[in-house]
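The first residue in the sequence is number 1, and the count goes up from there. Note that the coordinates shown come from a computational prediction; the quantities given were computed from them, not determined experimentally.
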Amino acid sequence: MILDLTFNTPINKKFNQRFEKIIQDSVVDFHKIVDDISKKNLNNIDWWVSSVSSRNTLHSPFFYYFSSINFLLSLNDKDKKSISLIYADNIHMLRIYNYILLDKKIKIKLKKSFLLKKIFIFIKNYFELFRQIFYRLFQYLLANFVFYKTYNFHNKKINIIDKYFFPEFLDKERYYNGIFDFLSKKQIQNTFFVSTIVMFKIHKLPYVYKTLIKKKNLIIKEHFLNYRDYFFALMYHKRIKLINIDNIHYKKIDLTNLIRFELSQTNLSLFASVEALLNYRFFYKLKLLKLKIDTSVDWFENQIVDRGWNLGLNRNYKNAKSFGYLGFIPKDMLLSEMYVTEYEHKAEAIPKKLFVIGKNLIKDRKKFCKKYEVDVAPAFRFYNLFKVQHKKISKKSICIILPVILEDSIELLDTFEKINTNIINKKIDIFIKPHPTLNKIMKEKLNSLNFKYSIIKNNIYDYITSSSLVITGASSICMETISLGVPLAIIKFNRNFQFIPIPSDVDSNLWKLCENTEDLLSYINKSLNSNFLNDKNRISNAKKIMNRYFEKPTYNSVKKIIN
């Protein structure tokens with residue numbers, strides 16, 4: 001049997017369940033390793049904006065490699081005899097696997113030539129660097145010479161709120177729905193969003209700045225940055241070599257070179273790292289201008305960009321209220337979202353206080369940092385969820401909501417295509433909602449589907465509440481669907497990390513993880529033949545979920561963040 005242990009390659013089906021358990025069991029030890037490195041680099045901002053420190057399992061392979069080491073250590077003699085060949089991602093993992101399987105008759109090979117991979121990484125690193133230089137230079141010229149505006153804060157203390165602008169959401173609100181409805185006139189005058197522009201192609205930037213400059217209560221970050229700030233941020237790719245990575249061991253296995261190798265792949269996170277360092281310099285510039293900040297609210301996903309924001313704020317405005325706002329339900333194996341660490345807290349790389357959108361979300365956030373202050377704030381992003389009223393279902397329908405990861409969206413549609421002709425009720429309507437960041441990319445795939453469907457363009461809750469079933473993947477819509485009492489099917493994708501955004505204390509009878517096409521077809525037919533609105537137990541549990549995980553915006557709850 002061939003065992004492929006390269007990043008983003010699903011584990012052999014024979015070991016699938018065991019590997020999933022190993023992944024779960026590796027989380028605590030992994031955080032100890034990351035904390036060990038963090039301790040040595042506590043005041044080094046370049047460490048805090050690196051891919052390894054991010055613990056972002058979507059982009060950084062380090063946790064996967066760490067889990068694969070534990071997996072090999074768990075194999076018994078019978079398991080080892082069944083394996084003839086193991087593929088490794090790089091020379092460092094190959095050496096680690098050889099060390100673990102010493103004297104065993106298992107061949108371990110690189111899936112791709114290490115020399116070719118090094119050349120490929122070198123090319124990717126410099127391609128991404130030059131792309132960043134060109135992109136940032138264009139940003140600097142547009143913001144400082146074409147779409148410039150002055151700001152007059154009248155020597156007053158202001159509140160600043162971190163806000164992302166990306167395609168489909170340049171004019172539409174995604175993050176803080178209705179927040180100004182709960183603020184006084186004076187509070188509104190003193191509250192400003194700070195823009196972070198992401199996912200726009202370079203030729204769209206003039207239109208982006210032309211649009212943003214017209215917005216009230218918006219600070220365009222680039223207006224406060226000069227060429228020295230961009231140079232500092234772009235030189236990250238050189239300074240990263242100075243990060244102290246020395247003598248990192250786990251169960252007598254030397255991980256030092258493996259970690260250094262990932263850090264050398266600056267293409268993994270260069271855009272985010274540069275943006276984070278620009279955030280850091282932004283607060284330094286505000287301090288030089290003697291601008292007073294009362295409260296900072298970081299849209300907190302504990303990503304690299306957040307680290308720059310919080311380090312910049314906490315180092316330059318020590319007396320400001322430093323808040324983070326986790327305005328969604330985090331995904332289980334996206335470790336950066338799920339947890340903060342002790343040394344992130346000590347380094348002030350995270351907000352001094354974190355707000356979550358439901359009381360049952362507090363406990364997990366404190367797992368690796370017991371002293372961290374976590375409280376509940378309004379679920380602004382889900383403001384319309386509290387206005388939903390169930391309607392009598394006139395016709396059976398299925399609502400398919402596609403996740404943010406492109407490959408997962410395609411796999412979900414492929415899975416549904418395989419079984420849609422076997423659905424018992426043929427007279428059903430099918431509605432599809434692509435993720436807003438994938439609207440254009442998904443067009444070709446959607447046009448090729450072998451079943452009739454309609455695209456959801458209006459209020460998503462109207463479709464969910466009139467559906468017999470919602471099918472999705474790693475999407476925030478999961479908990480919204482459960483809180484509305486609608487049956488939910490989550491596709492188990494062909495990947496090692498599932499990123500399920502449903503907390504462990506949620507009743508498993510309210511949703512179904514479909515591990516194959518048979519599971520999905522069975523759950524669809526069961527849901528189409530039931531009337532969930534008459535299921536008093538389901539509706540009762542749904543109301544409890546709403547109460548525990550979604551804090552309704554009120555004047556008093558909003559005051560916790562902006563006062």
Answer with yes or no whether the side chains of K14 and S82 bring together a donor and an acceptor at under 3.5 Å. yes

For a ring-ring contact (aromatic ring centres under 6.0 Å, His included) with F71, tell me which candidate from Y64, F15, F66, Y65 qualifies. F15

When the ring centroid of F431 is compared with that of Y453, is the distance short of 6.0 Å? no

What's the shortest heavy-atom distance between L446 and P434, and which atoms? CD1-CG, 3.9 Å

Could you grab the distance from atom CE of M333 to atom CG of L335, nearest 0.5 Å is fine? 5.0 Å

Report the distance from atom CG of L3 to atom NZ of K80, rounding to the nearest 0.5 Å. 12.5 Å

With a 4.0 Å cut-off on N to O distance, would you call K111 and D89 a salt bridge? no

Report, as yes or no, whether the 6.0 Å neighbourhood of atom CZ on F328 holds more than 12 heavy atoms from other residues, nucleotides or ligands. yes

So, do M338 and R365 sit near enough that their side-chain heavy atoms are less than 4.5 Å apart? yes

If you count every heavy atom of other residues, nucleotides or ligands that lies below 6.0 Å from K366 atom NZ, does the total exceed 12? yes

Is it the case that the side chains of Y463 and D429 hold a donor-acceptor pair, with the cut-off being a distance below 3.5 Å and no angle test? no

Audit row: F193, Y176, ring-ring contact (aromatic ring centres under 6.0 Å, His included) steps and yes/no: CA-CA 10 Å; F193 293 109; Y176 306 97; 5.7 Å; yes

Taking the basic N atoms (NZ, or NE/NH1/NH2) and the acidic carboxylate oxygens, is any pair closer than 4.0 Å for D408 and R495? yes

Would you call the rings of Y325 and F380 parallel, tilted or perpendicular, taking 30° and 60° as the class edges? tilted

Are side-chain N/O atoms of Y250 and D29 paired as donor and acceptor at under 3.5 Å? yes

Show the nearest heavy-atom pair for residues I561 and A377, with the distance to one decimal. CD1-CB, 3.6 Å

Y461 vs L385, test: side chain to side chain contact (heavy atoms under 4.5 Å, CB included). Steps then yes/no. CA-CA 7 Å; Y461 298 134; L385 184 62; 3.7 Å; yes

Suppose we call two aromatic rings close when their centres sit under 6.0 Å apart. Are F166 and F200 close by that rule? no

May I ask you to establish whether K124 and F127 are in a cation-pi arrangement, using a distance under 6.0 Å from NZ or CZ to the six-membered ring centre and at most 45° from the ring axis? no

Are V274 and Y135 close enough, and set up right, to give a side chain to side chain contact (heavy atoms under 4.5 Å, CB included), and what steps lead you there? CA-CA 11 Å; V274 169; Y135 187 93; over 6 Å; no

Can you tell me if S273 uses its side chain to pair, donor with acceptor, with the backbone of V49 under 3.5 Å? yes

Just checking F300 against W309, ring centres under 6.0 Å apart? no

Determine the interplanar angle of the F355 and F323 rings, folded into 0 to 90°, and report it as parallel if under 30°, tilted if 30 to 60°, perpendicular if over 60°. perpendicular

Flag the pair R55 and E344 as a salt bridge only when some basic side-chain nitrogen lies within less than 4.0 angstrom of an acidic carboxylate oxygen. yes

Okay, side chain of E551, backbone of P553: is any donor-acceptor separation there less than 3.5 Å? no

Looking at side-chain heavy atoms only, is the closest gap between Y383 and I179 below 4.5 Å? no

Can you tell whether the side chains of K163 and E173 come within less than 4.0 Å, N to carboxylate O? yes

Answer yes or no: is there a side-chain heavy-atom contact under 4.5 Å between E168 and N439? yes

Applying the side chain to side chain donor-acceptor pair (under 3.5 Å) criterion to N310, which one of D298, D162, N279, N302 satisfies it? D298

Tell me if a side-chain donor or acceptor on S113 pairs with a main-chain N or O of L116 at a distance below 3.5 Å. yes

With distance as the sole criterion, is a donor-acceptor pair present between the side chains of N459 and N384 under 3.5 Å? no

We want to know whether S195 and Y164 form a side-chain donor-acceptor pair, criterion being a heavy-atom distance below 3.5 angstrom. no

Basic-acidic side-chain contact under 4.0 Å: E411, K492: no

Angle between ring planes, F416 versus F451, binned at 30° and 60°: parallel, tilted or perpendicular? perpendicular

With distance as the sole criterion, is a donor-acceptor pair present between the side chains of S54 and S51 under 3.5 Å? no

Indicate yes or no: does D414 engage K418 in a salt bridge with an N to O separation below 4.0 Å. no

Any donor-acceptor pair under 3.5 Å from T472 side chain to I401 backbone: yes

Carefully, step by step, assess L449 and E417 under the rule side chain to side chain contact (heavy atoms under 4.5 Å, CB included). CA-CA 7 Å; L449 295 176; E417 273 193 306; 3.8 Å; yes

With a 3.5 Å distance limit and no angle check, can you tell me whether D306 reaches the backbone of E301 through a side-chain donor-acceptor pair? yes

Side chains of S60 and E262: donor-acceptor distance under 3.5 Å anywhere? yes

For F63 together with F30, are the ring centres under 6.0 Å from each other? yes

Step by step, would you call L402 with M442 a side chain to side chain contact (heavy atoms under 4.5 Å, CB included)? CA-CA 10 Å; L402 302 180; M442 287 299 298; 3.9 Å; yes

Inspect the surroundings of NZ in K13 and state if more than 12 heavy atoms from other residues, nucleotides or ligands are less than 6.0 Å away. no

For the NZ atom on K81, are there more than 12 heavy atoms of other groups (residues, nucleotides or ligands in this structure) within a distance under 6.0 Å? no

